[in-house]
Trainee: 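One structure is given below, represented as structure tokens, and several questions about it will come after.
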There are 2 protein chains.
Amino acid sequence: MDNKEKQNKEQQILAAAEQEFLTKGFDGARTTTIAKAAGVTHAMLHYYFRTKEQLFERIVDEKFKKMSQSMFAIIGDPKLPIVERIKGSITAHFDFIADNPLLPRFIINEIVSRPERYEVLHKRVGLILETIYHDLQLEIDLAAERDEVERVDIKMLFISILSLNIFTFIAYPFMEPLIGELTADREKFLAARKAENIETILRRIKKL
Amino acid sequence: MDNKEKQNKEQQILAAAEQEFLTKGFDGARTTTIAKAAGVTHAMLHYYFRTKEQLFERIVDEKFKKMSQSMFAIIGDPKLPIVERIKGSITAHFDFIADNPLLPRFIINEIVSRPERYEVLHKRVGLILETIYHDLQLEIDLAAERDEVERVDIKMLFISILSLNIFTFIAYPFMEPLIGELTADREKFLAARKAENIETILRRIKKL
DNA sequence: AAGATGTTTAACAATATTGTTAATGCAAAG
DNA sequence: CTTTGCATTAACAATATTGTTAAACATCTT
């Protein structure tokens, strides 16, 4: 068997594992189910990844990196005027989550059930974010002095953006039946939600 | 053993089960762990609740009812003027979730992993909500005609309120390290978040 | 006190799930 | 062609977890 096919097997296991872990979490996932979905015997899974834990680690690593990416999408383009910049940030972040809709719930569940692992990462990300906060806060304060926007706490704004964008996807299966026609066309609903989130945040910083 | 103590045992199992299921979910929960936490042999757990499933059902039932309650907290007091009414709604809803911080994540995970069960409930709640939407939308439209507020879609507003309030608690363990000092004093942080959510929503409907 | 009823315990059973191993296959390198 | 090394399989092992049962125990009724 040539190298391409071998890589395929490993890749197929990873793909199946990602699906299984993202939807069911570590506890709900079954290595046999992953193996079956990948089209290999479950011994192969152990051959390539040794244990369920290690296979899970691989997925978690990848997803935590993706998560970091998504956070930094909120920084936006520093060359734009602050309102445009924030608008672009929300859009970029929303679109990112739309492409990875299972990510937030997975990350949160993972952090709740194993906070230790998270400690490693958050220090790194936390420090970078502190710098970004500082810069953005400065820019907002300047714009506020020019009466372009309201003086707001950037961290609070940051949380609000995360809330509005992420909740849409975390709670989609919960809202679907409650909201009815509104969610019938997923694409349409998401577009409306994105616009609503932008409007909500922009109004939050609008000078009255 | 008298009846009071018997009820205690059953009650203790339920309490331990609630804690275990809310934090770890069905898959992560162990009946032996529940039994140990409740201070009984694990055979007792089966004696009272037959299976893990049935014990879980008990908790789910209770929590789904709580969830419904929390949704209706958003209706608010119809006698108040619309802005005051919405302000009160957000407060009531936020406080409710603050008292049941594990509830949203539990419900969402449950719905994702077993959508069937949810179908039964959502029809009932969905219909009631339709009526409420209709009434509230009417009231907002009237207020909009009097130029008191912006004309907004009540369902979108509803989702935004849920997003802002619930995300605070779902993602608290995720934000804690990223936000730093801000979350150091949980009570203070929550109070600030509640105020921020109210401000954000009120600005969303404010006539400009 | 005897019997009936429900409670409790410890030991056991059944099963699902993860992980291992030894034998086999297969492809490339010498 | 044989050796070497990795890939693959099937069968097995180990363990954790849920669930059962029969016997002991307690409590209440008559």
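Letters go in sequence order (proteins before strands), and every chain restarts at 1. Here the structure is a predicted model, which is why all the values come from computation and not from measurement.
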Trainee: Tell me: NE2 of His42(A) to C1' of dA10(D), nearest whole Å?
Mentor: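 Going from NE2 in His42(A) over to C1' in dA10(D) covers 10 Å.
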Trainee: If you take the centroid of each ring, where Trp contributes its six-membered ring, are Phe174(B) and Phe167(B) closer together than 6.0 Å?
Mentor: no
Trainee: Do His122(B) and Ile111(B) come within less than 4.5 Å of each other through their side chains, counting heavy atoms only?
Mentor: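 Side-chain contact under 4.5 Å: no.
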Trainee: What parts of residues 51-61 of chain B reach DNA chain D, counting only heavy atoms under 4.0 Å away?
Mentor: Thr51(B), Lys52(B)
Trainee: Please list, by residue number, the residues of residues 14-40 of chain B whose heavy atoms come closer than 4.0 Å to an atom of DNA chain C; answer none if no residue qualifies.
Mentor: none
Trainee: CG of Leu45(A) versus C1' of dA7(D): gap in Å, rounded?
Mentor: 15 Å
Trainee: Less than 4.5 Å apart, any side-chain heavy atom of Leu164(A) and any of Ile159(B)?
Mentor: no
Trainee: Between dT18(D), dA10(C), dT8(D), which nucleotide gets closest to the side-chain atoms of His46(B)?
Mentor: dT18(D)
Trainee: Of the options dT18(C), dT21(D), dT8(C), whose atoms approach the side-chain atoms of Lys9(B) most closely?
Mentor: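 The answer is dT8(C).
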Trainee: Measuring from Glu130(B):CD to Gln137(B):CD, what's the distance to the nearest 0.5 Å?
Mentor: 11.5 Å
Trainee: Using a 3.5 Å distance criterion without hydrogens, assess whether the side chain of Lys52(A) forms a donor-acceptor pair with backbone atoms of Phe26(A).
Mentor: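 Pair found, side chain donor or acceptor close to backbone of Phe26(A).
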Trainee: Distance check needed: dG19(D) C1' versus Arg50(B) CZ, whole Å only.
Mentor: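 These atoms are roughly 9 Å apart.
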Trainee: Think Tyr48(B) has a side-chain N or O under 4.0 angstrom from the OP1 or OP2 of dT8(C)?
Mentor: yes
Trainee: Is Glu139(B) salt-bridged to Arg85(B), going by a charged N under 4.0 Å from an acidic O?
Mentor: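 Yes, charged N to carboxylate O under 4.0 Å.
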Trainee: Do Arg193(B) and Ser160(A) have side-chain atoms, one donor and one acceptor, less than 3.5 Å apart?
Mentor: yes
Trainee: Of the listed nucleotides (dT8(C), dT20(C), dT8(D)), which one gets closest to any side-chain atom of Tyr47(A)?
Mentor: dT8(D)
Trainee: Over how many whole Å does the gap from Phe49(B) atom CZ to dT20(D) atom C1' extend?
Mentor: 18 Å
Trainee: How about Phe21(A) and Phe56(A): are their ring centroids closer than 6.0 Å?
Mentor: yes
Trainee: Would you indicate which nucleotide in dC6(D), dT20(D), dT8(C) comes nearest to any side-chain atom of Met44(B)?
Mentor: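 Per side-chain heavy atoms of Met44(B), the pick is dT8(C).
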Trainee: So do the side chains of Arg105(B) and Ile170(A) get within less than 4.5 Å of each other, counting heavy atoms only?
Mentor: no
Trainee: Taking only side-chain nitrogens and oxygens of Thr41(B), does any of them come within less than 4.0 Å of OP1 or OP2 of dT8(C)?
Mentor: no
Trainee: Which nucleotide wins on minimum distance to the side chain of Ala43(B), given the candidates dT21(D), dT18(C), dT8(C)?
Mentor: dT21(D)
